[in-house]
Amino acid sequence: TALENYLTEAHDLGPALDASQSQASVLRFTADTTQVLGSETFAAQVLADVGVQRPTAQRGQSFDITTADLATKAEGDVIYVMFDGAEGEEHGTEVMRSTEFTELGAATDKRVFAVDDKIWHTTGLTAARAVLADLRNSLNGYVTD
C-alpha cells in the first residue's frame, strides 16, 4: 500500500509540475570526483517516476567527468547537486565556482539546487517521498538569493 501511495503521488506530481518538459541533471561531488548520476541510481528512478526527463548524456550508467566535460555532460534545464561529506562539499564548491560551471545555462538561470546526499543517494520509500518534496519545491523554480 505504501508503494502504491508513493507511485500515485509521483505520477500526480509529474503533470502538476509539467515534469516532462524539464531535463534534470544530477551531479554528486566526492572528495576528488564529479559524478554524473545515471539511470541506475535511486535519484534517477524517482525522477523517472515523476516523468522528469534526463539530458541525453545522462540516460545511461553513472560516470565521472572533469570540469572540461561540464558543458557537454552536466548541462540540464535544472541541475541537482549533492555532496559526499565535507570533502565532497569542498570539491563541489571549487567546481561550482569554476568558469566552466558558472557558464552553464542552469547556473546562469539560477536553477542549480543543492540536495541532501543522505536522501538523494540512498533507497527507500521515506527517502523517495523526500525527493518528491524537493522536486515539488524546485523543479520549475529558481534559486533566490
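All values below come from the heavy atoms of this structure, side chains included, with hydrogens, waters and symmetry mates left out. We're numbering straight along the sequence, starting at 1.
In plain terms, the two heavy atoms of P55 and Q23 that are nearest each other are CA-OE1, 3.3 Å. When every heavy atom of V26 is checked against every heavy atom of M82, the shortest pair comes out as CG1-CE, 3.6 Å. In plain terms, the two heavy atoms of A2 and L125 that are nearest each other are CB-CD1, 3.6 Å. Between Q58 and E75, the closest heavy-atom pair is NE2-O, 4.4 Å. The shortest heavy-atom contact between G76 and A106 is O-CB, 3.4 Å. Nearest approach of Y6 to A128, heavy atoms of both residues: CE1-CB, 3.6 Å.
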_Derivation and outcome, side-chain contact (heavy atoms from CB on, under 4.5 Å), residues F113 and V78_ = CA-CA 8 Å; F113 297 93; V78 60; 3.5 Å; yes

_Run L132 and V46 through side-chain contact (heavy atoms from CB on, under 4.5 Å) and show every step you take._
CA-CA 8 Å; L132 293 182; V46 176; 4.0 Å; yes

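The pair R28-D84 meets the salt-bridge criterion, since a charged nitrogen lies less than 4.0 angstrom from a carboxylate oxygen.
Side-chain contact check for R59 versus S39: every heavy-atom pair is 4.5 Å or farther apart. By the 4.5 Å heavy-atom criterion applied to side chains, L13 and R136 are counted as neighbours. With a 4.5 Å cut-off on side-chain heavy atoms, V112 and M96 count as touching. Taking the side chain as every heavy atom from C-beta outward, L135 and L47 approach each other to under 4.5 Å. Looking only at side-chain heavy atoms (C-beta outward), Q45 and T41 stay at 4.5 Å or farther from each other. The shortest side-chain heavy-atom distance between L27 and L37 does not fall under the 4.5 Å cut-off. Side-chain contact between Q35 and T30 is present, with at least one heavy-atom pair separated by less than 4.5 Å.
Of the possible polar contacts, one joining the N137 side chain to the A133 backbone as a donor-acceptor pair under 3.5 Å is found. For H121 (side chain) and D117 (main-chain N/O), no donor-acceptor pair under 3.5 Å exists by modelled atom type. Judged by distance alone, with hydrogens and angles left aside, the side-chain atoms of D69 form a donor-acceptor pair with the main-chain N or O of T66 at under 3.5 Å. For the pair E90 (side chain) and A31 (backbone), a donor-acceptor distance under 3.5 Å is absent.
A 6.0 Å sphere centred on CD of E87 holds no more than 12 heavy atoms belonging to other residues, nucleotides or ligands.
Separation of the W120 and Y80 ring centroids falls under the 6.0 Å cut-off.
For residues 94-106, no pair satisfies side chain to side chain donor-acceptor pair (under 3.5 Å), with sequence neighbours left out.
Distance check, rounded to the nearest 0.5 Å: CG of L17 to CG of L139 gives 5.5 Å. We find the OG-CZ distance between S25 and R111 to be 12.0 Å, quoted to the nearest 0.5 Å.
Residues T8 and N5 bring no donor and acceptor atom of their side chains to less than 3.5 Å of each other. Side-chain N/O atoms of Q53 and S20 include no donor and acceptor closer than 3.5 Å.
Residues that satisfy the side chain to side chain contact (heavy atoms under 4.5 Å, CB included) test with E89, not counting sequence neighbours, are F83, T93. Not counting sequence neighbours, the partners of S62 by the side-chain hydrogen bond (donor to acceptor under 3.5 Å, both in side chains) test are E40. Evaluation of the side-chain hydrogen bond (donor to acceptor under 3.5 Å, both in side chains) rule for R129 yields E9 as partners, not counting sequence neighbours. Residues that satisfy the side chain to side chain contact (heavy atoms under 4.5 Å, CB included) test with A130, not counting sequence neighbours, are I119. For H91, the side chain to side chain contact (heavy atoms under 4.5 Å, CB included) criterion is met by F29, T34, V95, not counting sequence neighbours.
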